[in-house]
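Encoded as structure tokens, the structure appears first; notes follow it.
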Amino acid sequence: MRAGIDDVAVQKEHGGVLGLLQGIVLHVPGDSHAGERHPLVRIIQHILGQTIDFLLTEKTASEVFARLQGTPGLTSLLSKINSSNFSQAKGHMRELEIALSAQRRGFTTISLGQKFADGVKKGDTDLDVFLRKNGRNFAIESKAYSGVVPDTMVKADAESLITFCRTIGGTTPVFCFETPPSGFTRHFLAEKGVKCLVGTPEEIMAKLDVLSNIMGR
């Protein structure tokens, strides 16, 4: 049965994600639960559309809900997209797109923005996307920079990524870039055993899919 979504007036003064949730109603024709509040379909479309001027179709928003509902960290990620500045929102949206692309290729999204202590940075840091396929875990750090990511930033985040992978057996560290990193960064990551992938979320997941199949043999 196909769910139909009534248009609702979502007011910004309601306040962030919680306010948006209060204005979202999912109506399922013929369903006994018609009219109950729905946590994700409209909020994804509204947040991504309004925050970064990107029109997310209802079909895609519904896919995010269908594939990622219940994933630890999803609600927090949506909140970050809604409250961050443009650059931060772009980065967080890319994390969401990576997770969605992964789901399309048969990966399981274990968590989004999982907190952990790396023993170096003050306080907890977080892992952008944590995936699993073919009995192997993949810990992903994503950078959505239109230019070259500073080597010092990559080095610090790569060390945190490696620390996370050491705590969970069978986990491969993966560093993803929107644009090609410097030669120094590529060399550094290779020496540390961190996979370096460049491209759109779909391109990155296509490469990781091949890698997971090879490692799973």
Side-chain angles (χ1 to χ4, degrees), residues 40 64-81 84 88 91-145 149-178 181 185-217:
L40 289 175
V64 172
F65 165 71
R67 294 183 184 278
L68 296 174
Q69 181 187 23
T71 301
L74 177 59
T75 301
S76 177
L77 180 59
L78 293 174
S79 178
K80 291 175 183 177
I81 292 172
S84 301
Q88 292 173 331
H92 292 311
M93 189 184 79
R94 183 175 168 86
E95 295 165 18
L96 184 64
E97 291 173 334
I98 286 174
L100 183 56
S101 297
Q103 293 289 137
R104 294 191 191 113
R105 290 185 173 273
F107 286 80
T108 297
T109 302
I110 300 173
S111 64
L112 297 165
Q114 183 173 329
K115 298 290 185 182
F116 70 99
D118 63 3
V120 179
K121 299 176 182 177
K122 294 181 179 179
D124 288 345
T125 184
D126 57 68
L127 176 68
D128 292 337
V129 186
F130 193 22
L131 304 173
R132 183 175 180 81
K133 188 176 183 182
N134 294 329
R136 188 82 190 178
N137 298 328
F138 297 91
I140 296 179
E141 174 69 23
S142 172
K143 293 299 180 188
Y145 278 55
V149 182
D151 295 330
T152 52
M153 179 183 294
V154 174
K155 184 176 180 181
D157 288 345
E159 294 291 358
S160 293
L161 188 62
I162 293 169
T163 298
F164 178 88
C165 293
R166 286 173 180 163
T167 64
I168 302 178
T171 301
T172 299
V174 182
F175 217 115
C176 301
F177 299 89
E178 183 175 359
T185 285
R186 285 184 179 276
H187 180 71
F188 172 79
L189 293 178
E191 280 195 331
K192 292 290 185 177
V194 179
K195 304 301 181 183
C196 177
L197 302 180
V198 182
T200 65
E202 282 293 340
E203 291 169 340
I204 285 171
M205 291 316 306
K207 297 171 185 176
L208 191 59
D209 196 12
V210 172
L211 181 62
S212 71
N213 289 330
I214 294 174
M215 297 178 73
R217 292 174 185 172

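Each residue takes its place number in the sequence, starting with 1. Computation of the quantities below employed the complete heavy-atom set of this structure, encompassing side-chain atoms and omitting hydrogens, waters and symmetry-equivalent molecules.
The minimum heavy-atom distance between A139 and L161, with the atom names listed, is O-CD1, 3.6 Å. Residues E202 and S101 come closest through the heavy atom pair OE2-OG, 3.1 Å. Of all the heavy atoms in S212 and F138, the pair that sits closest is CB-CZ, 3.6 Å. Between L96 and L68 the shortest heavy-atom distance is CD1-CD1, 3.8 Å. Between A158 and F175, the closest heavy-atom pair is N-CE1, 3.8 Å. Considering every non-hydrogen atom in both N137 and G169, the closest pair reads ND2-O, 3.8 Å.
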- Query: Could you go step by step and tell me if R186 and V198 meet the side chain to side chain contact (heavy atoms under 4.5 Å, CB included) rule?
  - Reply: CA-CA 11 Å; R186 285 184 179 276; V198 182; 3.7 Å; yes

- Query: Do T125 and F164 pass the side chain to side chain contact (heavy atoms under 4.5 Å, CB included) test, and can you show the C-alpha distance, the side-chain angles, and the key distance before you say yes or no?
  - Reply: CA-CA 10 Å; T125 184; F164 178 88; over 6 Å; no

- Query: What's the verdict on side chain to side chain contact (heavy atoms under 4.5 Å, CB included) for L208 and F107, showing C-alpha distance, side-chain angles and the deciding distance?
  - Reply: CA-CA 10 Å; L208 191 59; F107 286 80; 4.0 Å; yes

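In terms of modelled atom types and a separation under 3.5 Å, the side chain of S76 and the main chain of G73 share no donor-acceptor contact. R94 places a side-chain N or O within donor-acceptor distance of the main-chain N or O of F177, the cut-off being under 3.5 Å.
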Going by atom type alone, with no hydrogens or angles, which donor-acceptor pairs under 3.5 Å involve a side-chain atom of residues 108-116 and a protein atom two or more places apart or on another chain?
residue	atom	partner	partner atom	Å
T109	OG1	Q103	OE1	2.7
S111	OG	Q114	OE1	2.7

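Among D151, D128, D157, the one residue that satisfies the salt bridge (Lys or Arg N to Asp or Glu O under 4.0 Å) test with K143 is D157.
Every residue two or more places apart in sequence or in another chain was checked for a salt bridge (charged side-chain N to carboxylate O under 4.0 Å, His left out) with R132, and none qualifies. Taking the side chain to side chain contact (heavy atoms under 4.5 Å, CB included) definition, one finds that E203 meets it with T200, sequence neighbours left out.
In R166, the CZ atom is not crowded: 12 or fewer heavy atoms of neighbouring residues, nucleotides or ligands sit closer than 6.0 Å. Atom NZ of K207 sits in a crowded spot, with more than 12 heavy atoms from other residues, nucleotides or ligands closer than 6.0 Å.
Under the 4.0 Å criterion applied to side-chain N and carboxylate O atoms, K133 and D209 are assigned as salt-bridge partners.
To the nearest 0.5 angstrom, K192 atom NZ is 11.0 Å from H187 atom NE2.
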